[in-house]
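Heads up: the structure comes next, in structure tokens.
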Amino acid sequence: MARAQPRYVCQECGATHPKWAGRCEACGAWNTLVEEAVVEAPPKGLAGAKGRRIAIVGLDGSEADAPRRITGIAEFDRVAGGGLVPGSALLVGGDPGIGKSTLLLQVAARLAQGGGALYISGEEAVEQVRMRARRLGVAASPVSLAAATSVRDIVASLDQGEPPAFVVVDSIQTMYLDSLDSAPGTVAQVRASAQELIRQAKRRGFALVLVGHVTKEGTIAGPRVLEHMVDTVLYFEGERGHQFRILRAVKNRFGPTDEIGVFEMTDRGLAEVLNPSALFLADRQGDVSGAAVFAGMEGTRPMLVEIQALVAPSALGTPRRAVVGWDGGRLAMILAVLDARGGVAIGANDIYLNVAGGLRIQEPAADLAVAAALLSSLSGRPLPAATVVFGEIGLSGEVRAVSQTEQRLKEAGKLGFARALMPPQRGRRAARPADLDAEEIATIADLVALLDDPAAAARRPAPPRR
Ligand code: TYD
Ligand code: MG
């Protein structure tokens, strides 16, 4: 006899607890435990039940590469690893209102032509989705629509006839299985609903996209429980006030995970941004202090972005630090290195750091650009004109080489930059555009000296260590 046994599941991390508590012991979140009844079947063990023999094969098979479905939206296809794989499940996570539904309706419209696309909305009525489609200019596309939240009904409908090649479920938090007692959006429901839908996708061979809202902690609600169940996880991110949106792969069983796609939110939906560097630099003002252009890489793509710093005397005992788009811990490290190895006492000031355009940079290669922006703001002097900066800074103040120097220089040259401050090159020298002047910075003290007195071209001895 199965019996219902209450348990308490943390809605943040999915940990289960036998007793209710105000705080989840596993992740430390407050007020996240919710009672979810589970019906547990009595354990049977293996006695009696006969298993079937499974087929065991060698590694060296002759299976062709999984064919992919290309949407024609290049920014999306690249992040998905070169198109969607039939029978796979992809999770698109992001803050509410960031544009997930818009993006996926556009993708569905592109895929509807060959093989069919079904868009199931659990949040909006069919008429609302139609209105959005009209606004996006895709209303004529043969996308099938449904408003449904019951996974049982959805699976039953997909079982009849030939399923479409592409199915979007928007969002997984609104889906429920009637065999569970808990409310939609709880960990148990999200997990069970996703499992059912994914099973159906594998069985019937359609590419499934699940939309998931992200909670304030930055994990997909019903969190982490979904990431390991799907083949691909993409996050759609961006600052609400900016029109840029970045699609980032964080897991991909069928492709690389360091690719990003850049979109712009327009009044007719999301438009691809094929030359992000130009866009990120569009609002840049020449000749202001505290700004440095970083020649970065996002996956295989070079991307120039402006890093802005503001250093101001602090009125507080503990000076303020605010960082947008970069890692606060890394900023603290650079401040310490500037102080100890560059002889620049900057730590007592309030410091604000911002990556323009709402991009989030994860590369350590941005260290040198951050240091340059800080020094420029401190001195009030703009950096030399038309200059890009990149390089990683080590704790002893050395500037370390970074990968893909050639692509960075090429992109800078393409956008009209004339000079690069970069790490010393060892061994083979990276090719650089003819009209780009590469200046090698060996240590942070060199950078300080160079910015102190640009004419003296960084060849003064380093200040004494303190
Ligand atoms: P939406 O796709 O509904 O977000 P999500 O599904 O992630 O919750 O996007 C909502 C926002 O996008 C909304 O604030 C309005 C804006 N938007 C545009 O700017 N242009 C458009 O053409 C559309 C459809 C939406
Ligand atoms: Mg939505």
Side-chain angles (χ1 to χ4, degrees), residues 71-73 75-76 79-80 89-112 117-141 143-149 151 154 166-176 184-185 189-190 193-194 197 208-223 226-227 230 232-250 260-273 279 357-360:
T71 65
I73 303 176
E75 297 292 300
F76 180 87
V79 178
L90 187 148
L91 174 68
V92 176
D95 289 332
I98 204 76
K100 302 181 293 296
S101 304
T102 308
L103 176 70
L104 290 169
L105 192 55
Q106 289 180 268
V107 167
R110 293 293 191 101
L111 287 177
L118 171 62
Y119 184 98
I120 301 171
S121 179
E123 299 188 341
E124 291 163 301
V126 164
E127 198 39 50
Q128 281 175 293
V129 181
R130 283 191 180 136
M131 259 168 58
R132 188 196 295 259
R134 280 197 286 276
R135 196 170 151 186
L136 298 174
V138 298
S141 183
V143 177
S144 316
L145 286 184
T149 52
V151 173
I154 294 172
F166 176 66
V167 176
V168 180
V169 174
D170 185 4
S171 66
I172 190 64
Q173 275 96 2
T174 56
M175 298 294 140
Y176 75 95
Q189 280 290 7
V190 165
S193 303
L197 291 164
L208 172 71
V209 172
L210 302 173
V211 174
H213 294 296
V214 161
T215 58
K216 60 183 188 307
E217 270 70 33
T219 47
I220 290 179
L226 282 185
E227 293 197 355
V230 296
T232 304
V233 180
L234 309 182
Y235 278 90
F236 203 36
E237 46 191 44
E239 299 288 322
R240 200 68 64 84
H242 285 290
Q243 71 270 41
F244 312 126
R245 299 284 182 272
I246 310 250
L247 189 64
R248 192 186 289 278
V250 297
I260 69 167
V262 184
F263 295 89
E264 188 178 4
M265 184 59 102
T266 69
D267 55 356
R268 298 203 56 199
L270 290 156
E272 292 178 72
V273 175
L279 189 73
L359 196 69
R360 210 181 63 223

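Start at 1 and go down the list; that is how both ligands and their atoms are numbered.
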Donor-acceptor contact below 3.5 Å, side chain [X] vs main chain [Y]:
X      : Y      : answer
Lys100 : Tyr235 : no
Glu264 : Gln243 : no
Glu124 : Val129 : no

Next on the checklist: Pair Thr232, Val230 - check side chain to side chain contact (heavy atoms under 4.5 Å, CB included), show working.
Outcome noted: CA-CA 6 Å; Thr232 304; Val230 296; 6.0 Å; no
Can you name the closest pair of heavy atoms from [X] and [Y] and give their distance?
X      : Y      : answer
Gly269 : Leu136 : CA-CD2, 3.2 Å
Ile154 : Ala148 : CG1-CB, 4.1 Å
Met265 : Gly99  : CE-CA, 3.9 Å
Phe263 : Phe76  : CZ-N, 4.0 Å
Ile172 : Gly212 : CG2-CA, 4.1 Å
Arg110 : Thr71  : CB-O, 3.2 Å

Item to check | atom 2 (O) of ligand 1: nearest protein contact (heavy atom, Å) | outcome: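 Here the closest protein heavy atom is Thr102 OG1, 2.6 Å.
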Checklist entry - atom 12 (O) of ligand 1: which protein heavy atom is closest, and how many Å away? => result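 Of the protein heavy atoms, Met265 CE, 3.2 Å lies nearest.
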Atoms in ligand 1 with a heavy atom of [X] nearer than 4.0 Å:
X      : value
Arg268 : 22 (O)
Pro96  : 8 (O)
Arg132 : 1 (P), 2 (O), 3 (O), 24 (C)
Leu136 : 22 (O), 24 (C)

With [atom] as the reference point, say which of [options] has the nearest heavy atom.
atom                    : options                     : result
atom 5 (P) of ligand 1  : Ala271, Gly94, Gly93, Gly97 : Gly97
atom 20 (N) of ligand 1 : Asp267, Thr266, Leu104      : Thr266
atom 4 (O) of ligand 1  : Gly137, Gly99, Ser121       : Gly99

Checklist entry - Any idea which part of Arg135 is under 4.0 Å from ligand 1, heavy-atom wise: side chain, backbone, both or neither? => result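 Side chain only.
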Checklist entry - Under a 4.0 Å heavy-atom limit, does Ser101 contact ligand 1 with its side chain, its backbone, both, or neither? => result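 Under 4.0 Å from ligand 1, Ser101 contributes backbone and side-chain atoms.
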Checklist entry - Are side-chain heavy atoms of Arg130 and Arg134 found at a separation under 4.5 Å? => result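 Touching, per the 4.5 Å side-chain cut-off.
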Checklist entry - Is there a side-chain contact between Glu272 and Ile73, using heavy atoms and a 4.5 Å cut-off? => result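 SC-SC contact between Glu272 and Ile73 confirmed.
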Next on the checklist: Just to be careful: counting only protein atoms that are N, O or S, how many fall under 2.8 Å of the Mg ion (ligand 2)?
Outcome noted: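 Number of qualifying protein atoms: 1.
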Checklist entry - Knowing that exactly one of Leu105, Thr102, Val107 qualifies, which makes a side chain to side chain contact (heavy atoms under 4.5 Å, CB included) with Leu270? => result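 With Leu270 as partner, side chain to side chain contact (heavy atoms under 4.5 Å, CB included) holds for just one option, Thr102.
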Next on the checklist: Quick check on atom 18 (C) of ligand 1 - does any protein heavy atom sit closer than 4.0 Å to it?
Outcome noted: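 Yes, there is one.
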Could an N or O of ligand 1 be found under 3.5 Å from any N or O of [X], whether backbone or side chain?
X      : value
Lys100 : yes
Gly269 : yes
His213 : no

